[in-house]
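A single structure is presented below for examination.
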Amino acid sequence: MTAQLNARGDVAVLVPAAGAGVRLGPGGPKALRLLAGEPLLVHAVRRVAAAPSVRMIVVAAPAADVEAVSELLTPITPVSVVAGGAERQESVGRALAVVPADVPIVLVHDAARALTPPDLIESVASAVRAGRPAVIPTLPVVDTIKEASPEGLVLGTVDRSVLRSVQTPQGFQHQVLAAAHAAASDPLTDDAGLAEKAGIPVTCVLGSELALKITRPLDLVIAEALLAHGPF
Ligand code: CTP
Ligand code: MG
C-alpha cells in the first residue's frame, strides 16, 4: 500500500533524491545536505506536499538511506520511499513502478530544486490535466551562448531567442511516462527527453527562478539567501 496525501488529488510526484552530489563537494548525498538547518529533501518535499493536486509522493533515496529518509519525512507528510539507482533515470523508473495505475498524472521533480514553489507544481499539473501529454517548466536563457570546438575556438553564436533553460517538475500523463521509460535505452538527464525520443509533443510552461537546481556550492549560498530574504 502506498502512502496517500490527498485522496482527491490526481497527481503523483516522483522525487529522485539518490544522487551523490559530486559537484557540491564532499559531505554526503546531496538530498540530505543541510540548507538553513534542514536537508534539501525536506525543503523540496514540504513544498510538493503543499500543492493541493498532489495525491502521493514517491522519493527515490540513496539505497543506504531508505529507512533514514522514511523517518525524516514521515513527520512532515505521508510519503513512499524506494531505493534509487545508479543513474537518475533508474531512480525515476523505480519510483514510477510503485505509482498505482489509477493516478492519471505523474510529475518528476528533482530533490535538488528544493525551493520550487507549490504554484509551479500546480501549473505543470494543470497543463497536463488540460490535455498536454508532457509539460516542462522553462526559463529564457540569459547568457549569450556560443558553440565552440574542443580546443576552445568559437564556431558560432547560437540564436538565444529559441533556447530555453529546463527545470522540474516535469509533468506527464501517467501512461506516456510509463511508455517512455519502458522504451528508454540510454540514460538521459531529464524525462521529457525520453518523451521527445518517443515522438511525444512536449509543451513549455513558464518556470520559476526559485526552482533553481542546487548543484554547486554557490547555489547553496543563493538558496540560503533566498530563504533568509523572502517568504519562500
Ligand atoms: N538523482 C537520483 N539518482 C541518481 C542520480 C541523481 O535520484 N542516480 C537525483 C538527484 O538526487 C537530484 C536529481 O536527480 O535530486 C538531479 O540530479 P543532480 O542535480 O545531478 O544531483 P546529483 O547527481 O546528486 O549531483 P552530481 O551530478 O553533482 O553528483
Ligand atoms: Mg547528477
According to a hydrophobic-cluster definition based on side-chain heavy atoms being under 4.5 Å apart (Ile, Leu, Val, Met, Phe, Trp, Tyr only), do I214 and L41 belong together?
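Hydrophobic grouping puts I214 apart from L41.
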Identify the heavy atoms of L120 and P137 that sit nearest to each other, and give their distance.
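Smallest interatomic distance, heavy atoms only, reads CD1-CB, 4.0 Å.
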Is the backbone N or O of G85 less than 3.5 Å from a side-chain atom of S91, with the two atoms forming a donor-acceptor pair by type?
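Such a contact is found between S91 side chain and G85 backbone.
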Do S53 and I121 come close enough that some side-chain heavy atom pair is under 4.5 Å?
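Of all side-chain heavy-atom pairs linking I121 with S53, none is under 4.5 Å.
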Is any NZ, NE, NH1 or NH2 atom of the basic residue among D110 and K213 found under 4.0 Å from an Asp or Glu carboxylate oxygen of the other?
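K213 and D110: not salt-bridged.
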Check whether any side-chain heavy atom of V108 lies under 4.5 Å from a side-chain heavy atom of P16, and answer yes or no.
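Heavy-atom side-chain distance check passes, below 4.5 Å.
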Which residue is it: V81, V79, L107? I am looking for the one with a side-chain contact (heavy atoms from CB on, under 4.5 Å) to I57.
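Among the candidates, only V79 passes.
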Find the distance between CG (L40) and CG (L24) and round it off to the nearest 0.5 Å.
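One gets 7.5 Å once the value is rounded to the nearest 0.5 Å.
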Do V128 and V54 belong to the same hydrophobic cluster, where Ile, Leu, Val, Met, Phe, Trp and Tyr are linked whenever their side-chain heavy atoms lie under 4.5 Å apart, directly or via other members?
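Same cluster: V128 reaches V54 through Ile, Leu, Val, Met, Phe, Trp or Tyr contacts under 4.5 Å.
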Hydrophobic clusters here meaning ILVMFWY residues chained together by side-chain heavy-atom distances under 4.5 Å, can you tell me if L163 and L139 are in one?
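No, it is not one cluster - the side chains of L163 and L139 are not joined through contacts under 4.5 Å.
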Any idea which heavy atoms bring V103 and A12 closest together, and the distance?
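Residues V103 and A12, closest heavy atoms: CG1-N, 3.5 Å.
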Do V99 and L73 sit in the same hydrophobic cluster, where Ile, Leu, Val, Met, Phe, Trp and Tyr count as joined when their side-chain heavy atoms come under 4.5 Å apart?
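In one cluster with V99: L73, no.
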Rounded at 0.5 Å granularity, tell me how far CG in L177 sits from CD1 in I105.
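One gets 12.5 Å once the value is rounded to the nearest 0.5 Å.
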Side-chain contact, heavy-atom cut-off 4.5 Å: R46 with T77?
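In short, these two side chains do not touch, never coming nearer than 4.5 Å.
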Verify, without hydrogens or angle tests, whether Q167 (side chain) and S208 (backbone) share a donor-acceptor contact under 3.5 angstrom.
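Yes, Q167 side chain to S208 backbone: donor-acceptor pair under 3.5 Å.
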To check you understand the geometry: which heavy-atom pair defines the closest contact between A178 and L96, and what is its length?
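Answer, listing the atom of A178 first, then L96: CA-CD2, 3.9 Å.
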Residues T157, K146; criterion side-chain contact (heavy atoms from CB on, under 4.5 Å); working and verdict
CA-CA 4 Å; T157 303; K146 299 215 185 272; 2.7 Å; yes
Could you tell me if the side chain of Q4 sits less than 4.5 Å from the side chain of P78, heavy atoms only?
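With C-beta onward as the side chain, the pair stays apart.
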Any H174 side-chain heavy atom under 4.5 Å of P104 side chain
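Sidechains of P104 and H174: no contact.
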Are V45 and V66 connected in the hydrophobic side-chain network, where two residues link if heavy atoms are under 4.5 Å apart?
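Same cluster.
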Flag side-chain contact, heavy atom, 4.5 Å: P29 against D65:
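Result yes, sub-4.5 Å side-chain heavy-atom pair found.
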Any heavy-atom pair between the side chains of V205 and I136 that's under 4.5 Å?
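Of all side-chain heavy-atom pairs linking V205 with I136, none is under 4.5 Å.
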Which heavy atom of A111 sits nearest to which heavy atom of A31, and what is that distance?
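What the structure gives for the nearest pair is CB-CB, 4.2 Å.
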Just verifying a value: how many Å separate Q173 CD and I200 CD1, rounded to the nearest 0.5 Å?
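Answer for the CD-CD1 pair, Q173 versus I200, is 8.5 Å.
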Mark yes or no for whether H43, through its side chain, and L35, through its backbone, hold a donor-acceptor pair below 3.5 Å.
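Looks like yes, one N/O pair under 3.5 Å.
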Report the distance from atom CZ of R47 to atom CG of D119, rounding to the nearest 0.5 Å.
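CG of D119 is found 12.0 Å from CZ of R47.
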M56 to P100 - nearest heavy-atom pair and separation
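Residues M56 and P100, closest heavy atoms: SD-CD, 3.5 Å.
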Counting distance only, does the side-chain N/O of R160 pair as donor-acceptor with the main-chain N or O of I145 below 3.5 Å?
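Not at all, since once roles are kept as given, no pair shorter than 3.5 Å links the two residues.
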Chi angles and distances behind the side-chain contact (heavy atoms from CB on, under 4.5 Å) call for V69, L32:
CA-CA 9 Å; V69 164; L32 301 176; 4.0 Å; yes
Could you go step by step and tell me if V11 and R129 meet the side-chain contact (heavy atoms from CB on, under 4.5 Å) rule?
CA-CA 10 Å; V11 176; R129 197 174 295 121; 4.0 Å; yes
Let me confirm one number: the CG-CD1 distance from L227 to I222, rounded to the nearest 0.5 Å.
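If I round to the nearest 0.5 Å, the distance is 12.5 Å.
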Distance check, rounded to the nearest 0.5 Å: H229 atom NE2 versus E224 atom CD?
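Taking NE2 in H229 and CD in E224, the distance rounds to 11.0 Å.
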Taking all non-hydrogen atoms of both residues into account, name the closest pair between F172 and A192 and its distance.
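Looks like CZ-N, 3.6 Å.
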Going by the side chain to side chain donor-acceptor pair (under 3.5 Å) test, which pairs reach into residues 182-205, not counting sequence neighbours?
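Sorted pair list: R88-D191, Q170-D190, H181-D191.
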Looking at side-chain heavy atoms only, is the closest gap between P39 and L34 below 4.5 Å?
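When only atoms from C-beta onward are counted, L34 and P39 do touch, with a gap below 4.5 Å.
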